Amino acid sequence: MTTVELRFSAQPEHVRTARLVAAAVARRAGVDEAVLDEVRLAVGEACSRAVGLHRSHGITAPVSVVLIEEEKSFSVEVGDEVPGPGADPALGGPAGASATRGATPGGGLDEPDHESDADGEDEMGLAVISGLVDDVEVRSGANGGVIRMSWPKTPVTVLP
């Protein structure tokens with residue numbers, strides 16, 4: 001299993017670099033050429049979302065992108081350090097807290113009105129990612145959130 005890790009400050013101008021690196025690593029890992037645009041777009045959307053979350057919450061920690069080449073798949077994990085709903089960052093949040101931040105419209109959470117625009121953008125970003133990636137998982141806890149996206153690798157044909 002090959003892993004490439006990229007960490008960048010939460011600045012919008014770094015998202016393009018993350019997209020390009022993800023596409024290059026996906027190509028080398030054996031992801032079908034026809035899918036590379038989807039990888040690039042999905043990673044860009046996930047990174048833009050993480051940058052937006054960091055900036056709106058005043059978090060100076062870097063955004064992390066982990067690119068993982070497994071035997072049959074290529075995965076990308078984009079992580080932010082924004083505590084999920086119900087987590088109290090001062091207390092480290094509830095043990096094992098996990099939620100799917102913004103995974104469903106409205107989220108069923110009672111949040112202040114001033115956050116509704118940011119929540120709408122968050123939900124839109126997740127909808128775009130879900131439309132581009134068949135295998136996507138969104139996790140959120142006291143230490144931040146992760147979007148994990150996976151694509152199958154093109155099987156290598158061995159000629160006799």
Side-chain angles (χ1 to χ4, degrees), residues 1-87 89 92-104 121-159:
M1 176 168 74
T2 303
T3 302
V4 175
E5 185 170 350
L6 174 66
R7 296 170 59 82
F8 62 91
S9 59
Q11 300 297 323
E13 56 268 20
H14 298 309
V15 172
R16 182 173 187 266
T17 302
R19 283 194 323 247
L20 294 172
V21 170
V25 174
R27 178 179 284 120
R28 190 186 55 92
V31 172
D32 191 298
E33 284 288 324
V35 180
L36 290 179
D37 280 340
E38 293 174 10
V39 171
R40 191 176 5 262
L41 289 169
V43 169
E45 193 63 43
C47 288
S48 292
R49 177 182 174 274
V51 166
L53 287 168
H54 275 226
R55 292 171 67 98
S56 68
H57 287 84
I59 294 176
T60 58
V63 171
S64 70
V65 181
V66 180
L67 311 163
I68 306 161
E69 178 186 353
E70 297 173 307
E71 186 178 333
K72 296 181 180 183
S73 67
F74 172 72
S75 301
V76 179
E77 294 182 357
V78 178
D80 64 68
E81 295 198 14
V82 177
S98 180
T100 54
R101 174 182 17 188
T104 57
E121 289 177 21
D122 188 39
E123 290 175 16
M124 179 64 84
L126 290 172
V128 169
I129 292 167
S130 295
L132 291 168
V133 185
D134 290 335
D135 185 11
V136 62
E137 175 187 353
V138 180
R139 295 186 314 264
S140 182
N143 296 325
V146 174
I147 296 178
R148 180 179 172 90
M149 305 167 282
S150 297
W151 294 268
K153 291 171 50 176
T154 305
V156 177
T157 306
V158 178
L159 299 174

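Fair warning: this is a prediction, and the values are worked out from it, not measured in the lab. These numbers come from the heavy atoms of this one structure, side chains and all, not from hydrogens, waters or symmetry mates.
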Side chains of [X] and [Y] in contact at under 4.5 Å (non-hydrogen atoms):
{"X": "Phe8", "Y": "Thr17", "answer": "no"}
{"X": "Cys47", "Y": "His14", "answer": "no"}
{"X": "Arg49", "Y": "Val63", "answer": "no"}
{"X": "Thr2", "Y": "Ile68", "answer": "no"}
{"X": "Val146", "Y": "Val78", "answer": "no"}
{"X": "Val21", "Y": "Val43", "answer": "no"}
{"X": "Ser75", "Y": "Arg148", "answer": "yes"}

Closest non-hydrogen atom pair, [X] against [Y]:
{"X": "Ala42", "Y": "Val133", "value": "CB-CG2, 3.6 Å"}
{"X": "Pro62", "Y": "Glu81", "value": "O-OE2, 4.2 Å"}
{"X": "Val15", "Y": "Gly44", "value": "CG1-O, 3.5 Å"}
{"X": "Glu45", "Y": "Gly125", "value": "OE2-CA, 3.4 Å"}

Point to revise | Glu69/Lys153 ion pair, N-O < 4.0 Å | key: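 Salt bridge flag = yes for Lys153 with Glu69.
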Point to revise | Pairing of Arg139 and Glu137 as salt bridge, 4.0 angstrom limit | key: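 Looking at Arg139 and Glu137, the cut-off is met.
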**Study point:** Any donor-acceptor pair under 3.5 Å from His54 side chain to Thr60 backbone
**Key:**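 No, His54 side chain to Thr60 backbone: no donor-acceptor pair under 3.5 Å.
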**Study point:** Flag, side chain of Asp80 to backbone of Gly145, donor-acceptor distance under 3.5 Å
**Key:**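 Flag set: sc Asp80 to bb Gly145 pair under 3.5 Å.
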Check your understanding: Any luck finding a side-chain donor-acceptor pair between Glu70 and Ser73 under 3.5 Å?
Key ->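 The criterion, which ignores hydrogens and geometry beyond distance, is satisfied for Ser73 and Glu70.
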Practice item. From the options Val76, Val25, Val4, select the one residue that forms a side-chain contact (heavy atoms from CB on, under 4.5 Å) with Val65. Key: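 Going through Val76, Val25, Val4 one by one, the side-chain contact (heavy atoms from CB on, under 4.5 Å) with Val65 is satisfied by Val76 alone.
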